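Bear in mind that the values here come from a model prediction, so they are computed numbers and not experimental data. Indexing begins at 1, ligand by ligand and atom by atom, following the structure's order.
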Amino acid sequence: MTDFSSVKGKVAIVTGASDGLGKAISQCYADNGMKVVISDINTDKGLQVVEGIKLAGGDATFFKADVSNEEEVKNLIDFTIETFGRLDGLVNNAGIAADNRPIHEYSTAEFDRLMSIDLRGVFLGTKYGVEGILKSKSSGGFIVNVASLAGILGNSSMGIYSSAKHGVVGLTKSAALDYAPYNITVNAICPGTFRTSIWGETPEEIVTQYAKIFSPSGRLGDPKEIGHLALFLASDLARYISGSAISIDAGSSAGKITPVQWAHPEILE
Ligand SMILES: NC(=O)c1ccc[n+]([C@@H]2O[C@H](COP(=O)([O-])OP(=O)(O)OC[C@H]3O[C@@H](n4cnc5c(N)ncnc54)[C@H](O)[C@@H]3O)[C@@H](O)[C@H]2O)c1
């Protein structure tokens with residue numbers, strides 16, 4: 001029987017894990033027997049995630065780190081190895097969005113800030129995470145980078161976000177080649193539209209409308225669905241998958257949608 005038991009006992013760090021997709025990935029990892037370091041800049045919410053995991057019988061701890069701060073990322077890796085004795089995998093999930101605007105309307109400071117978290121953060125996590133995995137002599141090391149549909153396709157009014165996420169995909173593919181000989185897989189997850197707090201103050205009806213227009217399925221993704229993909233990539237079932245940018249978007253990145261009229265709609269009745 002094929003199952004996910006190979007992840008049991010693996011030690012993983014998830015960044016941006018106090019909320020949204022990172023929280024869902026952490027819960028899925030812990031539910032399946034992994035030891036998880038929940039890392040985020042939001043301590044209160046991070047501790048709540050740890051508490052929830054422990055109540056459900058899982059093993060997790062919190063470490064505060066800003067992914068754009070080199071010293072803090074280094075400390076995060078050291079803390080993990082001191083606490084759990086090893087590191088098998090890292091999910092570079094922390095990221096921020098920007099207001100939707102054409103490129104000439106972004107300030108250089110906005111560009112630098114977004115890049116420092118969404119791209120530099122993934123570089124730092126990969127740099128120090130790989131060192132930790134190598135030192136741990138993990139037989140199933142993995143890096144999962146959370147990119148975006150905007151890391152595969154250009155996106156009007158999301159130019160700086162899309163630039164950072166394309167960078168994450170490039171870094172992922174290159175790192176996969178660097179570390180394949182050392183049995184560390186490196187993949188990117190490219191989510192379409194998921195219901196998380198990244199949407200900020202955007203009214204619910206606009207988010208729903210967005211999903212109807214931009215998701216072929218007509219619905220937003222459930223963060224748990226990202227957890228399932230991240231679990232697969234952490235497992236030994238996925239050891240031959242590396243350097244991939246895997247879309248999880250109900251087909252949004254597959255192509256253009258053109259209006260269609262069925263000749264036999266009665267088949268649906
Ligand atoms: N939700 C979506 O529809 C969607 C779609 C595509 C890609 N993504 C990507 O998924 C990832 C997670 O997004 P989300 O929707 O869960 O967002 P979210 O806002 O719900 O959660 C992001 C978490 O990251 C933390 N964070 C922010 N800046 C940080 C920093 N500098 N260091 C450490 N932690 C930091 C926040 O405190 C928060 O807990 C991001 O990289 C985002 O770009 C999300």
Ring center gap for Phe79 and Phe63 short of 6.0 angstrom: yes
Spacing of CD1 belonging to Ile246 relative to OG belonging to Ser253, to within rounding of 0.5 Å: 11.5 Å
Donor on one side chain, acceptor on other, Ser138 and Ser136, under 3.5 Å: no
Salt bridge (Lys or Arg N to Asp or Glu O under 4.0 Å) evaluation trace for Glu225 with Arg219: CA-CA 13 Å; Glu225 294 173 298; Arg219 72 166 174 92; 2.8 Å; yes
Neighbour list for ligand 1 [protein residues, heavy atom under 4.0 Å]: Gly16, Ser18, Asp19, Gly20, Leu21, Asp40, Ile41, Ala65, Asp66, Val67, Asn93, Ala94, Gly95, Ile96, Ile117, Val146, Ala147, Ser148, Tyr161, Lys165, Pro191, Gly192, Thr193, Phe194, Thr196, Ser197, Ile198, Trp199
Separation between OG1 of Thr43 and CD1 of Ile38, rounded to the nearest 0.5 Å: 12.5 Å
Pair Asp99-Arg101, salt bridge (Lys or Arg N to Asp or Glu O under 4.0 Å): steps then yes or no: CA-CA 6 Å; Asp99 292 345; Arg101 270 183 254 148; 3.2 Å; yes
